[in-house]
Amino acid sequence: MNILQNRTRKDPLRILYEDPPLSVSEIYHETSKLNEATGRTFRRRMLSVIGAEFFLKFISRSYKTYPTSPAISLPSDRELAEPPLAESFKEIVQKRRSIREFSGRPLSLANVSTILRNSYGITSSFTLPFNVEQKVRAVPSGGALYPLELYAACFRVEGLSPAIYHYNVQEHSLENVRSGLFEDELGIAFFYEEMFKQVAMAIIITGIQKRSSVKYGERSYRFMTLEAGHVGQNICLSASALNLGCVMLGGFYDDDVNQIIYVDGVNETTLYGAAIGCV
């Protein structure tokens, strides 16, 4: 029996005076649960799109671009020098820590490229029915719908002017969304004003829920936030392997961050952040 069903069995006065009010998160969690009844609807929704040509073409285009913005190509894996990722996975995991003190030294463009590629970049591709090419990423994604976008707020990166950049996964490039040094504004928005004065780059993870809801309905918000967690862990482990400092940031003024990176906060909204720098 879920919370909502349990409350309906109680006397209304007892609910009013004895039970604390349900939070919005509790209500969403209850209404997005799958059971025998809602599971049938959930399965019908999935079966209505799985294998359909329009849907296969839809999921093969799960990315956003800024075609009129200046773009900077990031080094490919072949162009990078031997990457400093030779430690064992066990060593990388064991040394991962949340770091909040940075030296202020700049990051290399190669490090930025490695972190973005490992966190949400394209890692392979295969051909779907109707000759649709499906590119897959560095993290698991519900239905391979990839509802996330990454923005790199670069403050101190060798070869890059300070700006808010969008990570174009298809081209493995950075698209200039907004020029300028926004460390003060983002420091305030993420509650770490002093720390951001020494951070080299912040990665901001946003979500576009409609990419997932076409298949998963209300459940899509759960899948989207789970995916943001996968990306966050990849960012942490990549920074650890590169001997960089990183701290994940889940508390922030939503509307302020959305405004800084130029997203509307409705169709696309900030979910998670990371501060990265040299130690």
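Start at 1 with the first residue, then count along the sequence.
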Quiz item: Which of these, Thr127, Val132, Leu128, sits in a side chain to side chain contact (heavy atoms under 4.5 Å, CB included) with Phe130?
Solution: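 Looking at Thr127, Val132, Leu128, the match for Phe130 under the side chain to side chain contact (heavy atoms under 4.5 Å, CB included) is Val132.
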Would the distance check show the side chain of [X] and the main-chain N or O of [Y] forming a donor-acceptor pair, the cut-off being under 3.5 Å?
X: Tyr66; Y: Ala71; answer: no
X: Asp264; Y: Glu268; answer: yes
X: Asn118; Y: Asn234; answer: no
X: Ser240; Y: Leu237; answer: no
X: Arg105; Y: Val279; answer: yes
X: Ser212; Y: Gln209; answer: no
X: Arg178; Y: Ile261; answer: no
X: Ser69; Y: Val177; answer: no
X: Arg96; Y: Cys246; answer: no

Any side-chain heavy atom of [X] within less than 4.5 Å of one from [Y]?
X: Leu145; Y: Phe58; answer: yes
X: Leu148; Y: Met224; answer: yes
X: Phe252; Y: Tyr272; answer: no
X: His230; Y: Tyr120; answer: no
X: Tyr167; Y: Ile203; answer: no
X: Cys236; Y: Met248; answer: yes
X: Lys135; Y: Gln170; answer: yes
X: Ser32; Y: Ser220; answer: no

Under 6.0 Å from the [atom1] atom of [X], do we count more than 12 heavy atoms belonging to anything else shown?
X: Tyr253; atom1: OH; value: no
X: Glu158; atom1: CD; value: yes
X: Glu218; atom1: CD; value: no
X: Lys95; atom1: NZ; value: yes

State, without any angle test, whether [X] and [Y] hold a side-chain donor-acceptor pair at a distance under 3.5 Å.
X: Arg100; Y: Tyr192; result: yes
X: Asn168; Y: Thr65; result: no
X: Thr38; Y: Asn35; result: yes
X: Glu149; Y: Thr206; result: no

[atom1]-[atom2] distance between [X] and [Y], expressed to the nearest 0.5 angstrom:
X: Phe196; Y: Phe191; atom1: CZ; atom2: CZ; answer: 11.0 Å
X: Lys197; Y: Asp184; atom1: NZ; atom2: CG; answer: 6.5 Å
X: Ser161; Y: Leu181; atom1: OG; atom2: CG; answer: 11.0 Å
X: Ile92; Y: Asn243; atom1: CD1; atom2: CG; answer: 9.5 Å
X: His172; Y: Ser73; atom1: NE2; atom2: OG; answer: 9.0 Å

Measure across [X] and [Y] and return the closest heavy-atom pair with its distance rounded to 0.1 Å.
X: Val157; Y: Ala200; value: CG2-O, 4.1 Å
X: Tyr146; Y: Ser141; value: N-OG, 2.9 Å
X: Gly217; Y: Arg45; value: N-NE, 3.4 Å
X: Leu56; Y: Gly51; value: CD1-O, 4.0 Å
X: Leu174; Y: Ala152; value: CD2-CB, 4.4 Å
X: Ala274; Y: Ile235; value: CB-CG2, 4.0 Å

Exercise. Check step by step if side-chain contact (heavy atoms from CB on, under 4.5 Å) holds for Leu186 and Ile204.
Key: CA-CA 10 Å; Leu186 285 171; Ile204 298 157; 4.1 Å; yes
Quiz item: side chain to side chain donor-acceptor pair (under 3.5 Å) between Thr270 and Asn258: does it pass, once the steps are laid out?
Solution: CA-CA 6 Å; Thr270 300; Asn258 291 333; 2.7 Å; yes
Exercise. Carefully, step by step, assess Glu185 and Gln259 under the rule side-chain contact (heavy atoms from CB on, under 4.5 Å).
Key: CA-CA 10 Å; Glu185 293 89 338; Gln259 289 171 11; over 6 Å; no
Quiz item: Can you list the steps and then say if Ile72 with Ser173 is a side-chain contact (heavy atoms from CB on, under 4.5 Å)?
Solution: CA-CA 5 Å; Ile72 297 92; Ser173 65; over 6 Å; no
According to a 4.5 Å side-chain heavy-atom criterion applied to Ile, Leu, Val, Met, Phe, Trp and Tyr, with indirect links allowed, do [X] and [Y] form part of one hydrophobic cluster?
X: Ile115; Y: Val247; answer: no
X: Tyr151; Y: Leu109; answer: no
X: Ile164; Y: Phe155; answer: yes
X: Tyr63; Y: Ile122; answer: no
X: Leu116; Y: Val136; answer: yes

Quiz prompt | Pair Glu175 + Lys64: basic N to acidic O under 4.0 Å | solution =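 No, no charged N to carboxylate O under 4.0 Å.
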Quiz prompt | Centroid-centroid distance, Tyr216 to Tyr221, less than 6.0 Å | solution =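 Ring-ring flag for Tyr216/Tyr221: false, centres at least 6.0 Å apart.
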Quiz prompt | Trace of the side-chain contact (heavy atoms from CB on, under 4.5 Å) decision for Met195 with Phe190 | solution = CA-CA 10 Å; Met195 183 186 75; Phe190 279 105; over 6 Å; no
